[in-house]
Amino acid sequence: MGAVKVLFCDFQQSEFILKFDTINVELGQTVSTDIDSYLDKNKLSNKVVKKIIKETEGKDNLKYVKVINKDENGKVISKEEKDYPEVGNYEMHFIYENEVATIKVIVKDTAKPEIKAPTSIDIFQYTDLSTFNFDELLESMDYSDVKDWIVNTSKVDVNTVGTNKLKVSIQDKYKNKASKKLKVNVV
C-alpha cells in the first residue's frame, strides 16, 4: 500500500473588503480618496483596521475642476483647482498587500442652477424691453457653466401702468434648467 498524502489548505477570507464598488457623486461634492471611508470594518478588529489603513496605498484618475478667473478684458487674473472632480467616470484603486480593490466613481450634474433675482422689478412706462438689461438684476449659481438667460417678456405690457409677470430661466451645459417668475411694475 502506498502512502496517502493529506494536504491541508488553510483558506483565509480576505480582510480587505470595501463597502461598495461604485459611488455616484453630484458635481460639487468632494470625493474622499482615503481607504478609511470605504473599508468594510465589520468583523475586523481595531488592530487589523489600523494596519490596513496604515499600509494601503491609493491611486486614482480623478480630474478636478479648474476655474480660471478673468477680468473684463479677458486677461487671466487667477487659476484655482477645486476640491471636487469634474463630471465623468473615474476609478480609485486601493492596494493592500497583494490585493487590489477598485471603486468606480461616477460624477454627474443633475442639479438645476440656483437663481437669485428680485421678487419685483420697476420699469418706466414705454421702456423698450429688447434693450433692457435684465442681466444686471439676475444672478445664477451652478457648478457647471450656464448658458445665457432666457427672459420671456410676452406678458409684460409696457404701455400700461400696472403689474405684469415675467419669467426668467437659465440652463447649465448639462441641460439642467431653472426658472423663476418675477413681478414687473410698469411705472
- line: Shortest non-hydrogen pair, D34 vs S32, comes out as N-OG, 3.1 Å

- prompt: For the hydrophobic clusters of this structure (ILVMFWY residues joined by side-chain heavy atoms under 4.5 Å, transitively), does one cluster hold both L18 and F20?
  reply: yes

message: So, taking the atom named CD1 in I17 and the one named CG in L39, what distance separates them when rounded to the nearest 0.5 Å?
response: 9.0 Å

- prompt: Is a donor on one side and an acceptor on the other found under 3.5 Å between the side chain of Q29 and the backbone of E26?
  reply: yes

statement: Smallest heavy-atom separation, L62 atom then M92 atom, equals CD1-SD, 4.4 Å

task: List for me each residue that meets ring-ring contact (aromatic ring centres under 6.0 Å, His included) alongside Y64, sequence neighbours excluded, and say none if there are none.
output: none

query: Out of curiosity, does Y143 fall in the hydrophobic cluster containing V67 (side-chain heavy atoms, cut-off under 4.5 Å, transitive links)?
result: yes

With a cut-off of 3.5 Å and sequence neighbours excluded, list every side-chain donor-acceptor pair involving residues 176-187.
unit_1, atom_1, unit_2, atom_2, d
N176, ND2, D109, O, 3.0
N176, ND2, D109, OD1, 3.3
N176, ND2, A111, O, 3.4
N176, ND2, D172, OD1, 3.3
N176, ND2, D172, OD2, 3.1
N185, OD1, T163, OG1, 3.0
N185, ND2, D122, OD1, 2.9

message: With a 3.5 Å distance limit and no angle check, can you tell me whether N69 reaches the backbone of I77 through a side-chain donor-acceptor pair?
response: no

Hydrophobic cluster membership, V100 vs I35, 4.5 Å side-chain cutoff: no

message: Can you tell me how far apart CG (D40) and NZ (K19) are? Round to the nearest 0.5 Å.
response: 7.5 Å

task: Could you tell me whether the side chain of I115 reaches within less than 4.5 Å of the side chain of W149, counting heavy atoms only?
output: yes

task: Could you walk me through whether Y38 and I103 pass the side-chain contact (heavy atoms from CB on, under 4.5 Å) test, one step at a time?
output: CA-CA 9 Å; Y38 307 107; I103 296 178; 3.4 Å; yes

- prompt: How many angstroms lie between CD1 in I95 and CD in E55, if you round to the nearest 0.5 Å?
  reply: 13.5 Å

task: Starting from the C-alpha separation in whole Å, work towards a yes-or-no answer on side-chain contact (heavy atoms from CB on, under 4.5 Å) for K167 and I150.
output: CA-CA 8 Å; K167 183 179 176 185; I150 297 171; over 6 Å; no

field: Shortest non-hydrogen contact between A101 and F16, atoms and distance
entry: CB-CE2, 3.6 Å

S140 side, atom OG; Q171 side, atom CD - distance, nearest 0.5 Å: 12.0 Å

message: Any non-hydrogen side-chain atom of H93 less than 4.5 Å from a side-chain atom of N61?
response: no

Quick one: side chains of residues 151-158, donor-acceptor pairs under 3.5 Å with protein atoms, not counting sequence neighbours, listed by atom name and distance.
unit_1, atom_1, unit_2, atom_2, d
N152, OD1, S154, N, 2.9
N152, OD1, S154, OG, 2.7
D157, OD1, N159, N, 3.0
D157, OD2, T160, OG1, 2.8

field: Transitive ILVMFWY side-chain link I106 to L27, under 4.5 Å
entry: no

Side-chain donor-acceptor pairs of residues 81-90 under 3.5 Å, sequence neighbours excluded:
unit_1, atom_1, unit_2, atom_2, d
E81, OE1, K66, NZ, 3.3
K82, NZ, E80, OE2, 3.3
Y90, OH, E86, O, 3.0

- prompt: Is there a ring pair (Phe, Tyr, Trp, His ring centres under 6.0 Å) between F132 and F134 once you walk through the steps?
  reply: CA-CA 6 Å; F132 190 84; F134 289 99; 4.7 Å; yes

message: Quick check for you: to the nearest 0.5 Å, what is the distance between I23 atom CD1 and K104 atom NZ?
response: 13.0 Å

- request: To the nearest 0.5 angstrom, please state how far the CG atom of L137 sits from the CD1 atom of I121.
  value: 5.0 Å

Single-linkage hydrophobic cluster I123~V161, side-chain heavy atoms < 4.5 angstrom: no

- prompt: Does N73 offer a backbone N or O that forms a donor-acceptor pair with the side chain of D71 under 3.5 Å?
  reply: yes

message: Once side chain to side chain contact (heavy atoms under 4.5 Å, CB included) is applied, do any residues pair with N133, and if so which ones, sequence neighbours excluded?
response: D135, E136

message: The criterion is ring-ring contact (aromatic ring centres under 6.0 Å, His included); which residues satisfy it with Y174, sequence neighbours excluded?
response: none

